[in-house]
Structure formats: C-alpha cells, structure tokens
Q: 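Okay, handing you the structure first.
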Amino acid sequence: MRIPHDPVALEEHFKDDSNGPVSDHGFMVYLSRFILDKLRVDFDVLEFIRMCWTLCCKKNMCNKQLLITDDDAFKVWCIFNFLSEDKYPLVIVTEEIEYFLRKLMETMGSEWCEEKVADYRLQLNTKSCLTAWELVEMVGMGYFSKGMNHQTLSLGIDEVFQELILDMLKQGYMMKKGQRRKNWNERWFVLRPNSLSYYDSEDLVEKKGNIILDQNCFVESLPDKDGKKCLFIIKCSNRSFEVSASDKKKKQEWIQVIQTCIQLIRSGLPSPHREARQRRRELRRQQLAEEVDLVEKMKQLQVANEHKQRQLEAMREKIKDAAAKAALEEDTRMKTQSDLQDRYRLDLEREKMVRQQMEEQVAQKSSELEQYLQRVRELEDMYHRLEDALEDERQAKQDEEAMRKLQSRLLEEEAAKRAELELIHLRQQGALSRTEAEKQVLVSERLAKERELQVAVLQLETLEKERQGALEQYEEVSRNLRRAANKTKTWKDKVAKHEGLVRLIQPGHKGPQRITNWGPASFTDAELEMRKKSWQERKMNSHQDKC
C-alpha cells in the first residue's frame, strides 16, 4: 500500500490499555485513521475491504444457510463496518440497525413495519447490539423482507451499499454535450461528494469521464436551446459541462444535490451520510452522559435521603426517650400526690373519730353532772381542760389550713419548676442538635484533610521513586563514563606505543635535532626515512589504481 509505518502513532493510539492486544479504541479505528485515510487517490479501497472479507467470512459463515448471495452478504458486512461503534470488538447498536433496515425498506419500495421492529426489540431485550455475523444472518434469513423475492432484496442491499459505502449520493441517465464535437450523448452519471463521474451505461464498466468538484465550482440552470430542454451547466476552474435532464424535477434534484456537495467541500465537512452518522453517535454519547449524570444524581439524592432518614430516626428515638422520661416523672409525681392525699384523708378520719369520742365524753359528763353534784368542782376543772382542748383543736385546724395553703403553694411552685425544667430540656435538645451538626462538619473536614494528606503522601512516594530512578540512572551513566575513560586511556596508551611515543630513552644524536609536527626529536633519521619511503609507496599504489 506504500504507506510508511508510524510506530509513535500506534503507541499513542493504544497507550491507555495494558491488559490486552488492543484498546477500547479498536484496531479498525486505527486502520481507518492511520492507514486507510493516507491512501493514494488511485488505490482501490474496496478491493482491500474485499480481501479482509475473504480472510474472515468462511470460518464465520460456513454453517449458515442464507437466502442472499455471498456478494450481498459482503455488502451487508461493509455496511456493518460503516455503522458500527468506534470501539473493539465491533458491534452495531439498535438505533443503527433500525436506520439501516429503514433505508433498506425504502429502497425496496416497502413500508416500514413498526410491529416487526417491536417484536425484534423484544427478542433483543437481553442485548442492545449485534455483531457483524448476527446482522448478516438477520438480513440473510429474510426476517424483515418476507413476501419479497430475492432479486428485490439484492437490489435494495446494493443501492444502500452504493449510497453508504461508495458515497453515491445520486445516479441516473442524463444527456451530456461533448467538448470537441459538440454532440449530445446519453451517459450514466454517478455523483459522489468530491466528483461527478459519467459512464457509458449503468453497469459502471466503461468510464467516460470524471468531473472533479472543488470550492471554485458552481452549477446553474440554462434556458432551453438547440432543441434541448431541462439544461444546466457545471462550471469548474478549467472547463464547463452542459447537461440535460429528462424532466424539470430531475433537473432541480441534480442541481440541488450538486450545490449541496459544493457547499460541503467549501465548509470542509464530510459526506452527508458520514456527517449524519457522526451526529447520531454524538447524540448517543450525549444521551449516555446524561443517563450517567442522572444515575449519579439519583445516587446522591438516595444517599441524602438515607442520611435524612437516619437523622429522623435519631430524632424519633430522642423524642421517644424524652417522652418515656417525662411519663416516668409524671407517674412518680402522681404517686407522690396520691400518697399525700391518702395520708391527709387518714388524718382527717382519725380527727373525726377523736371528735366523736370527745362529744360522747362531753355528753356522758353532762349526764353525770346532774347525778354527781358533789363532783362539780371536778367537772368545772374538767370543763376548763375541755375548753383548753377545744382551743388546741381550733389552733390545730388553723395550723391544718395553713399547711394546706403551704401545700398548694408548693404544688404551684413545683408546676412552675417543671415548666422551667421542660424549657431547659428543649434548649438542651436544640444545643445537642447544633452540636451534632457541628460534629458532622468537623468530621467531614477531618476526612477531607485525611484525603489531602493521603494524596500528599502518594505524591511524596512518587517523587521518592522518581528520585531513586534518577539516582540509579546517574550511577549507571557514571559507571559507563568511567568505563569509557578507562577504555580511552587504554587506547591512548596503545596508540602512543604504536607511534613510538613510548620507548626507552637512549642517548640522542649529537647532530642538530629535527623538528616535526610531533615535536623535537620525535623520530630518528632512520625512522623518518622509513616513513618517507612508506608514504611514497602508498602514493604510487594509489596513482596506479586510479589509472
């Protein structure tokens, strides 16, 4: 394919996955982006795709009895690769399956049946996507094309294949005016995003020419002339092409679709089918992100609700404990009050009995007064004692009344104290709730500081590892430098010995010393003469070799 291999791009593409042979990006994405997009214009990509089909179709379709031909299965496989998701392994989602089947039904002239789609979705409720061979089997078994012959299904698959894979936006017969002879010939035109090709017939065997569309091209309608109707012209930078459509509707359709292609080229946008596929993918990604955000928000709301429920349960428990405590205090107070009332009632009954006894004694004494005159003095004395006793009784009654007033006042003070205690209890409950909230805030701050401390510790460990690695690299470089220095020193010694710098010092010649580029007295006369002869021999040999 004459495409240079780029290992850096390969590593960048698969760098985020270390658990398998390919990453979530998928090998097909790498193949499309870094290989197929760099192909030359004259390279036949369809033949390359057919070679891939030949390598993988037999082992996956050897046992499947399909109603379509192998060529139609190949086209469905190509459509799957075009509509599949950009991740490995390749699958096609339900929305893209419905898009493909809808276009297939439209090309076959059949109505779209929502009931079949609903039944099919019920069958796919366990999985939301299909593989390439499952899609080929679904189309090949004729689930959505019952009642149609095989030729109609094949023509529908071929038309969808040409539209999506071959980027044939529109095709049909029109008359074209020749460039030299100025005669009109019927040609089969095929419009692609960047070119308008015309063939001798619709079998696309003999190609007559190609109109390259760029941003400088434009198309406009022409009036009828020379007996030709429905004319329009396509003006390019180097030449113009006059074309005649079969009717006004076809003419308007061709002008509109060619103008759309030119506008896409000027805007730098891909073909309409690829742009629509990208929009559908972006919409699915957006919906998935929104679903993830919704799930996250639901989780947060559920956590907050659970937290509120726990707080409410805690408050209920506190209220229940306070109510139980208040009921216990009320029972104690009522029991105490009942005991006091019983005691006071017993005292009153005892006093009544004493009073009755005293009255009986007075009556007895009064009756005895008549009988016992002689005991008048004693009776008078007893009478005086009785008056004293009555005075004591009256004083006791006054004391009893004072005690009752004191008891009522004590009960009122007890009620006031109880109300004050309940108010203090409510204030304590509010203070406890505020303290609990402040405690929660302090706990959250402490957890945040602990997480920051853990992150700092991890960063410190990472820096320590990087420092250790740098220190090891520095030690390795130092060892290499020492080895290189020792090796250099060894070679310097060898060269010095070879050049005669290291030799025994002998008595020099008494004549004048020779000065060479190696210094004074570096060579003797004999050595210099030998070097001169050797140099002359090498020079003669090189001259002979050149000759």
Side-chain angles (χ1 to χ4, degrees), residues 294-365 384-451:
L294 182 60
V295 170
E296 187 65 26
K297 290 180 181 179
M298 291 297 292
K299 288 182 179 179
Q300 293 177 359
L301 290 175
Q302 186 176 2
V303 171
N305 189 19
E306 292 177 355
H307 181 65
K308 292 291 184 182
Q309 291 291 335
R310 288 194 294 270
Q311 289 181 349
L312 289 175
E313 290 295 333
M315 292 179 64
R316 289 194 188 98
E317 291 295 331
K318 290 179 181 178
I319 292 172
K320 190 183 295 184
D321 294 340
K325 188 175 180 181
L328 182 61
E329 291 178 355
E330 183 67 19
D331 293 340
T332 305
R333 186 182 66 82
M334 292 298 293
K335 186 176 181 181
T336 304
Q337 187 176 1
S338 178
D339 293 340
L340 289 174
Q341 290 178 356
D342 293 339
R343 189 182 303 169
Y344 293 149
R345 187 169 57 254
L346 292 174
D347 292 339
L348 288 173
E349 290 178 355
R350 189 180 300 112
E351 289 178 357
K352 287 180 179 179
M353 290 177 65
V354 171
R355 185 182 300 166
Q356 289 177 359
Q357 291 176 0
M358 291 179 70
E359 289 177 353
E360 291 177 355
Q361 289 177 3
V362 170
Q364 185 178 2
K365 292 298 181 182
H384 288 300
R385 286 198 299 270
L386 181 60
E387 286 182 348
D388 293 336
L390 290 174
E391 185 66 27
D392 293 336
E393 182 182 1
R394 187 170 55 253
Q395 187 66 34
K397 288 182 179 179
Q398 291 178 358
D399 293 339
E400 180 184 359
E401 188 69 22
M403 286 297 294
R404 288 180 180 176
K405 291 181 180 179
L406 179 61
Q407 182 182 3
S408 62
R409 185 172 59 81
L410 289 175
L411 289 174
E412 291 176 357
E413 290 179 357
E414 182 181 359
K417 288 291 183 179
R418 185 173 301 281
E420 184 178 359
L421 286 175
E422 288 179 355
L423 181 61
I424 292 172
H425 177 69
L426 292 176
R427 290 177 182 175
Q428 287 179 352
Q429 291 296 327
L432 285 174
S433 62
R434 289 193 298 272
T435 305
E436 186 67 23
E438 292 175 356
K439 181 179 179 182
Q440 292 293 334
V441 173
L442 291 175
V443 169
S444 61
E445 290 179 355
R446 180 177 64 79
L447 292 176
K449 289 182 179 179
E450 288 179 357
R451 287 193 294 270

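The figures here come from the full heavy-atom set of this structure, side chains too, leaving out hydrogens, waters and symmetry mates.
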Q: In Å and rounded to the nearest 0.5 Å, what is the CG to CZ distance from L348 to R343?
A: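 L348 CG to R343 CZ: 13.0 Å, rounded to 0.5 Å.
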Q: I'd like to know if D342 and R345 make a salt bridge, using a cut-off of under 4.0 Å between side-chain N and carboxylate O.
A: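 Yes.
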Q: Is there a side-chain contact between M353 and E349, using heavy atoms and a 4.5 Å cut-off?
A: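 No; the side chains remain at least 4.5 Å from each other.
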Q: Are the side chains of K335 and D339 in contact, using a 4.5 Å heavy-atom criterion?
A: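 The answer is yes, as the side chains (C-beta and beyond) meet within the 4.5 Å cut-off.
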Q: Answer whether the closest heavy-atom distance between the side chains of E313 and R310 falls below 4.5 Å.
A: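 Heavy-atom side-chain distance check fails, nothing below 4.5 Å.
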Q: I need the I319 CD1 to Q429 CD distance, nearest 0.5 Å.
A: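 It is 8.0 Å, given to the nearest 0.5 Å.
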Q: Less than 4.0 Å between a side-chain N and a carboxylate O, is that true for E401 and K397?
A: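 Between E401 and K397 there is no salt bridge, as every charged N stays at least 4.0 Å from the carboxylate O atoms.
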Q: I'd like to check V362 versus E359 (side-chain heavy atoms, cut-off strictly below 4.5 Å). Are they in contact?
A: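 Counting from C-beta outward, V362 and E359 never come under 4.5 Å.
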Q: Taking side chain as C-beta onward, heavy atoms only, is M334 less than 4.5 Å from D331?
A: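 The answer is no, as the side chains (C-beta and beyond) never meet within the 4.5 Å cut-off.
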Q: Please determine if R409 and E413 form a salt bridge, counting it only when a charged side-chain N lies under 4.0 Å from a carboxylate O.
A: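 Yes, R409 and E413 are salt-bridged.
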Q: Can you tell me how far the CE atom of M298 sits from the CG atom of L301, to the nearest 0.5 Å?
A: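 Those atoms lie 6.5 Å apart.
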Q: Kindly check if the number of other-residue, nucleotide or ligand heavy atoms within 6.0 Å of CE (M315) is above 12?
A: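 No, because the 6.0 Å sphere around CE of M315 holds 12 heavy atoms or fewer from other groups.
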Q: For R434, what residues pass the salt bridge (Lys or Arg N to Asp or Glu O under 4.0 Å) criterion, not counting sequence neighbours?
A: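 Residues passing salt bridge (Lys or Arg N to Asp or Glu O under 4.0 Å) with R434: none at all.
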Q: A side-chain contact here means heavy atoms from C-beta on lying under 4.5 Å apart; do L328 and K325 qualify?
A: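 A side-chain contact under 4.5 Å is absent here.
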Q: If we only count heavy atoms from C-beta on, is the L447 to R451 side-chain gap below 4.5 Å?
A: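 In contact.
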Q: Rounded to the nearest 0.5 Å, how far apart are CG of L294 and CD of E296?
A: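 The distance works out to 10.5 Å.
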Q: Could you tell me whether E414 and K417 have a side-chain N and a carboxylate O separated by less than 4.0 Å?
A: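 Result for this pair is no, no salt bridge flagged.
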Q: Determine, step by step, whether T435 and K439 satisfy the side chain to side chain contact (heavy atoms under 4.5 Å, CB included) criterion, reporting the C-alpha distance in whole Å, the side-chain angles of both residues, the deciding distance to 0.1 Å, and the verdict.
A: CA-CA 6 Å; T435 305; K439 181 179 179 182; 5.5 Å; no
Q: Within the 4.5 Å heavy-atom criterion, are M358 and R355 side-chain neighbours or not?
A: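 Heavy-atom side-chain distance check fails, nothing below 4.5 Å.
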Q: Before accepting this row, confirm whether a basic side-chain N of the pair R333/E330 lies closer than 4.0 Å to the acidic partner's carboxylate O.
A: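 Yes, this pair counts.
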Q: Hey, could you give me the OG/NZ distance between S444 and K449, rounded to the nearest 0.5 Å?
A: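 Going from OG on S444 over to NZ on K449, the span is 10.5 Å.
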Q: May I ask you to say whether R350 pairs ionically with D347, meaning some side-chain N is under 4.0 Å from a carboxylate O?
A: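 A salt bridge links R350 with D347.
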Q: Measure the spacing between CG of N305 and CG of L312 and express it to the nearest 0.5 Å.
A: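 Those atoms lie 9.0 Å apart.
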